[in-house]
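For reference, the structure is listed below as structure tokens.
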Amino acid sequence: MAVAYNKRTHSCGELRTSEIDKTVTLAGWVNTSRDHGGMTFVDLRDHEGLTQLRFNPQLGSAHGVARTLHNEDVIAVTGRVVSRGEFVNAKLATGEIEVEVNDIEVLSRCDALPFQVHDKIDTSEELLLRYRYLHLRRPEVQKVFRMRHTIARAIREYFHDNRFIEIETPFLTKSTPEGARDYLVPSRVQPGSFFALPQSPQLFKQLFMIAGFDRYAQIVRCFRDEDLRADRQPEFTQLDMEMAFVERDDVMTMVEGCVQRIFKDALNIDVPVPFARMTEQESMDRFGIDRPDTRYGMELQDVSALMKDVDFRVFRNALDGGGVVKCLVAPGGAALTRKVTDGLTEEIKGIGGTGLPIVKVIEGEKGIELSTGVAKFLQPIAVKLCEQVGASVGDAIFFMPGTFADVSKYLHYTRTRLATILDVIPKNRWDLLWVVDFPLVVWDEDAKRWCSTHHPFTAPIDEDVAMLDTDPGKVRDKAYDLVLNGTEMAGGSIRIHQREVQSKIFRLLGISDEEAKEKFEFLLDALRFGAPPHGGIAFGLDRWVMLLSGSQSLRDVIAFPKTQRAICPLTNAPGTVSDAQLDELFLTVKPLPKK
RNA sequence: GGGGCCGUAGCUCAAUUGGUUAGAGUACCGGACUGUCGAUCCGGAUGUUGCGGGUUCGAAUCCCGUCGGCCUCGCCA
């Protein structure tokens with residue numbers, strides 16, 4: 001029996017007792033069905049919800065069809081809304097009513113499923129991705145993408161309301177030095193030449209400012225060919241924005257308003273502004289990382305001075321070598337088992353460290369004593385140590401000797417692991433923090449040259465410019481990173497708008513005048529023709545959706561993501577191409593090296 | 001490139017820690033049943049234990065390699 005599925009009267013989530021006795025047409029997927037031989041029930045699902053259908057054997061042929069249904073068959077029905085009487089299902093929004101079906105049309109049958117759509121059970125992620133359209137049918141998965149839309153819409157509306165305009169930038173563009181590895185696209189018309197997919201529209205948006213658009217914002221795809229992580233995909237989406245005639249505070253204030261709007265629309269939460277600010281130096285000192293999670297304590301503490309008098313060679317060597325000894329106090333850490341602390345030590349070794357010295361603070365016969373691990377070396381300064389770092393009986397202290405960079409890395413790792421192990425991260429807390437005053441450049445020991453902390457177009461702080469020639473490592477930049485609960489959510493800066501400064505930075509970074517001309521001539525040219533002071537920021541849209549939706553992985557908020565090996569289990573991309581395609585591009589593929 | 005966790009029926013998991021015929025739930029197939037809502041009940045079919053090799057009288061279990069998934073360091077201006 002044909003049913004007018006193109007004339008649905010309601011969605012599957014909206015019928016209530018007020019619609020009783022109305023004749024309705026619904027369409028959707030069979031979520032589950034229950035066949036009693038006589039009376040048969042089907043839960044019909046669409047994007048709005050579930051409605052129970054009742055098939056009465058005394059009401060014509062529909063009942064016979066209903067008995068043949070399987071999960072995920074697609075059907076359309078017409079019937080009368082009736083009260084469930086005493087059989088109300090409180091779990092369903094539509095649970096007070098059901099639809100007594102007169103006519104049913106099976107629009108599409110479903111084969112045996114690789115996994116059940118109505119289950120909440122997660123099978124292997126690879127299978128979920130291979131049949132991603134089935135996974136996406138699940139209401140809780142769809143909810144994430146509806147939130148993604150809400151966030152994207154909030155962003156667009158916010159910037160539109162603030163007189164920004166959205167302009168598209170090219171995907172087929174030019175490979176530039178510095179930064180991540182590029183995804184390349186061969187040119188057929190220019191054999192031997194390659195486009196690069198943009199890592200971000202950075203230079204184009206600067207050109208928009210020079211062009212006089214004043215305020216630009218775009219939600220745009222970016223591409224970086226680097227190894228994947230839970231929070232890194234080769235293609236991802238940014239909110240990219242830029243403003244002319246601004247200083248740092250202007251951009252940061254504009255962003256704070258946007259973040260407020262996102263939280264309001266997505267979670268109905270009011271976040272206070274302005275956000276906290278911290279210099280990069282303070283962040284490194286206190287947390288060992290430039291994107292600190294400030295929801296909990298266990299901050300890093302420098303105990304180098306205290307350790308000068310301690311006869312412990314591991315610490316001594318670090319200090320003599322110009323390094324530091326830092327520690328963090330884990331409240332209640334004395335209760336950690338040997339298995340846990342040894343496990344942490346192994347993890348530290350796994351990321352390149354040599355160990356993780358620990359002591360536990362206990363109540364001894366003469367007061368505070370240290371036990372386990374490196375206690376015997378530190379016992380002479382036990383009282384002084386505990387006093388200085390604020391440790392008391394029942395705590396554990398984890399130490400790390402070495403260079404500032406190594407100590408920061410390993411203690412930051414330790415701190416985040418302990419936060420999970422000791423379960424000290426407050427729920428439902430959103431710590432928004434600006435990190436500012438990064439060093440403009442850092443010395444790359446391997447490459448023997450200066451590298452940009454952010455990118456080569458970041459402006460130095462005015463009073464530090466003089467040090468560009470004398471002490472580049474001391475120059476701070478006009479960048480600002482926005483951190484949420486320890487995750488970098490956005491990064492931006494005031495840009496260089498003076499050609500001489502830009503040239504100077506290129507030279508500092510070891511980019512020759514010839515290379516600068518080849519790669520960036522268009523930018524240097526543009527800077528000659530009246531560039532306004534300008535600055536902006538880019539948000540990782542996927543990360544915002546991930547954090548606000550409580551997702552564990554970026555893959556959960558991207559409709560068709562790649563696996564860790566950067567392949568798509570759904571399409572099997574990337575794949576080989578025909579010789580004819582290669583010939584057109586004048587390309588040959590080298591054989592893989594033998595192992 | 002390095003470190004770690006995982007891989008048993010379509011799916012989720014078990015298998016007394018090396019012991020003989022690899023089980024259960026669910027999905028699937030057949031049947032019963034007029035108020036269920038994870039329906040229930042009866043019956044049936046379903047395995048290259050990821051793959052390859054090794055140790056052993058005997059391997060899902062131990063070892064080596066390999067493939068795949070995930071976490072992570074490097075990398076990601």
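Heavy-atom basis, side chains included; hydrogens, waters and symmetry copies ignored. Just so it is clear: chains get the letters A, B, ... in the order the sequence lines come, proteins before strands, and each one is counted from 1.
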Problem - Per A:Glu126 side chain, nearest of listed nucleotides B:G68, B:G74, B:U36 - result: B:G68
Handout entry: Test item: A:Arg45 side-chain N/O and A:Val30 main-chain N/O as donor-acceptor pair under 3.5 Å
Key = no
Exercise for the section: Can you tell me, in whole Å, how much space there is between the C1' of B:G1 and that of B:G23? Expected result: 42 Å
Exercise for the section: Write down the distance between CD (A:Glu226) and P (B:G1), rounded to a whole number of angstrom. Expected result: 14 Å
Practice task
Measure from CD1 on A:Ile348 to P on B:G4 and round the result to the nearest Å.
Solution key: 15 Å
Practice task
For A:His118, report the nucleic acid contact type (base, sugar-phosphate, nothing); a contact means any heavy atom under 4.0 Å.
Solution key: nothing
Exercise for the section: Examine B:A39: is either OP1 or OP2 under 4.0 Å from a nitrogen or oxygen in the side chain of A:Thr32? Give yes or no. Expected result: yes
Exercise for the section: Look at the side chain of A:Thr123 and decide which nucleotide, out of B:U12, B:C33, B:U72, has an atom nearest to it. Expected result: B:U12
Exercise for the section: Check whether any side-chain nitrogen or oxygen of A:His63 sits under 4.0 Å from OP1 or OP2 of B:U34, and answer yes or no. Expected result: no
Practice task
Name the closest nucleotide to the A:Asp227 side chain, picking from B:G68, B:U34, B:C75.
Solution key: B:C75
Practice task
For A:Gln238 and A:Ile219, indicate whether the former's side chain and the latter's backbone hold a donor-acceptor pair under 3.5 Å.
Solution key: no
Problem - B:A32 versus B:G7 - spacing of their P atoms, nearest Å - result: 42 Å
Exercise for the section: Give A:Gln58 one of three labels, base, sugar-phosphate or nothing, depending on what nucleic acid heavy atoms sit under 4.0 Å from its own. Expected result: base
Practice task
Please state how far atom CG in A:Leu554 lies from atom C1' in B:C70, giving the value in whole angstrom units.
Solution key: 15 Å
Handout entry: Watson-Crick or G-U wobble mate for B:G68, both contacts under 3.5 Å
Key = B:C6
Practice task
Answer yes when A:Asp227 and A:Arg232 have at least one side-chain N-carboxylate O distance shorter than 4.0 Å, and no when they do not.
Solution key: no
Handout entry: Derivation of the salt bridge (Lys or Arg N to Asp or Glu O under 4.0 Å) call for A:Lys349 and A:Glu346
Key = CA-CA 5 Å; A:Lys349 287 178 180 170; A:Glu346 284 309 307; 3.7 Å; yes
Practice task
Decide, applying a 5.5 Å centre-distance limit and a 30° plane-angle limit (both strict), whether A:Phe115 stacks on B:C11.
Solution key: no
Practice task
Using a heavy-atom cut-off of under 4.0 Å over every strand shown, decide if A:Glu98 touches base, sugar-phosphate, or nothing.
Solution key: base
Problem - Nucleotide nearest A:Ile351 when distance is taken to its side chain, options B:C76, B:C29, B:U72 - result: B:U72
Practice task
Assess the pair A:Tyr183 and A:Phe194: is the distance between their ring centroids shorter than 6.0 Å?
Solution key: no
Practice task
Please measure how far the P atom in B:U12 lies from the corresponding atom in B:C57, and state the result in whole Å.
Solution key: 37 Å
Fill in the blank from the handout: Picking from B:G10, B:U36, B:C71, the nucleotide nearest the side-chain atoms of A:Arg84 would be B:U36
Problem - RNA chain B: 5'-proximal contact among A:Ser33 and A:Ser124 (nearest heavy atom) - result: A:Ser124
Practice task
Indicate, with a heavy-atom threshold strictly under 4.0 Å, whether A:Asp119 touches base, sugar-phosphate, or nothing.
Solution key: nothing
Handout entry: B:C75 base / A:Arg232 side chain donor-acceptor hit below 3.5 Å
Key = yes
Handout entry: Any strand: nucleotide that pairs with B:G47 via Watson-Crick or wobble, under 3.5 Å
Key = none
Problem - Atom pair distance, as rounded to whole Å: CD in A:Glu445 and C1' in B:G74 - result: 17 Å
Practice task
For A:Leu127 and B:G68, give me the distance from atom CG to atom P, rounded to whole Å.
Solution key: 17 Å
Exercise for the section: Please work out if A:Glu125 contacts a base, only the sugar-phosphate, or nothing of the nucleic acid, heavy-atom cut-off 4.0 Å. Expected result: sugar-phosphate
Exercise for the section: Classify the nucleic acid contact of A:Gln564 as base, sugar-phosphate or nothing, counting any heavy atom under 4.0 Å across all strands shown. Expected result: base
Practice task
Using a heavy-atom cut-off of under 4.0 Å over every strand shown, decide if A:Arg229 touches base, sugar-phosphate, or nothing.
Solution key: base
Fill in the blank from the handout: When both distances are under 3.5 Å in a Watson-Crick or G-U wobble arrangement, the nucleotide paired with B:C37 is none
Practice task
Name the nucleic acid region contacted by A:Thr453, choosing base, sugar-phosphate or nothing; use a 4.0 angstrom heavy-atom cut-off, strictly under.
Solution key: sugar-phosphate
Exercise for the section: Please state how far atom CD1 in A:Ile97 lies from atom P in B:C37, giving the value in whole angstrom units. Expected result: 18 Å
Handout entry: Interatomic distance at P, B:U49 relative to B:A59, whole Å
Key = 12 Å
Handout entry: Donor-acceptor under 3.5 Å (A:Thr487 side chain, A:Val483 main chain)
Key = no
Handout entry: Syn/anti state for B:U49 [syn: chi within 90° of 0]
Key = anti
Fill in the blank from the handout: Comparing nearest nucleotides in RNA chain B, the 5'-proximal residue of the pair A:Lys349, A:Leu92 is A:Lys349
Practice task
Name the nucleic acid region contacted by A:Arg555, choosing base, sugar-phosphate or nothing; use a 4.0 angstrom heavy-atom cut-off, strictly under.
Solution key: sugar-phosphate
Exercise for the section: Kindly indicate whether the side chain of A:Arg224 and the base of B:C75 share any N or O donor-acceptor pair separated by less than 3.5 Å? Expected result: no
Practice task
Could you please spell out the steps behind the side-chain hydrogen bond (donor to acceptor under 3.5 Å, both in side chains) verdict for A:Ser11 and A:Asp46?
Solution key: CA-CA 7 Å; A:Ser11 76; A:Asp46 67 10; 4.6 Å; no
Exercise for the section: Please check if any side-chain donor atom of A:Gln116 sits under 3.5 Å from a side-chain acceptor atom of A:Asn71, or the reverse. Expected result: yes
Practice task
Quick one: label A:Asp43 by what it contacts on the DNA or RNA (base, sugar-phosphate, nothing), any heavy atom closer than 4.0 Å.
Solution key: sugar-phosphate
Problem - B:U26 base / A:Gln116 side chain donor-acceptor hit below 3.5 Å - result: no
Exercise for the section: Please state how far atom CZ in A:Arg181 lies from atom P in B:G1, giving the value in whole angstrom units. Expected result: 12 Å
Exercise for the section: Give A:Pro456 one of three labels, base, sugar-phosphate or nothing, depending on what nucleic acid heavy atoms sit under 4.0 Å from its own. Expected result: base
Problem - Closest to side chain of A:Thr563, choosing from B:C71, B:G69, B:G38 - result: B:G69
Practice task
For A:Leu50, report the nucleic acid contact type (base, sugar-phosphate, nothing); a contact means any heavy atom under 4.0 Å.
Solution key: nothing
Problem - Watson-Crick or G-U wobble mate for B:A59, both contacts under 3.5 Å - result: none
Exercise for the section: Using atom CD1 of A:Ile567 as one end and atom P of B:G69 as the other, report the distance to the nearest whole Å. Expected result: 5 Å
Exercise for the section: Considering just the side-chain nitrogens and oxygens of A:Arg565, establish if one lies under 4.0 Å of OP1 or OP2 belonging to B:G68. Expected result: yes
Practice task
Could you tell me whether the phosphate oxygens of B:A39, OP1 or OP2, come under 4.0 Å of any side-chain nitrogen or oxygen in A:Arg34?
Solution key: yes
Problem - Steps toward ring pair (Phe, Tyr, Trp, His ring centres under 6.0 Å) verdict (A:Phe195, A:Phe171) - result: CA-CA 9 Å; A:Phe195 294 104; A:Phe171 277 5; over 10 Å; no
Practice task
Determine the contact category for A:Thr40: base if any of its heavy atoms lies under 4.0 Å from a base atom, sugar-phosphate if only primed atoms, P, OP1 or OP2 are that close, otherwise nothing.
Solution key: nothing
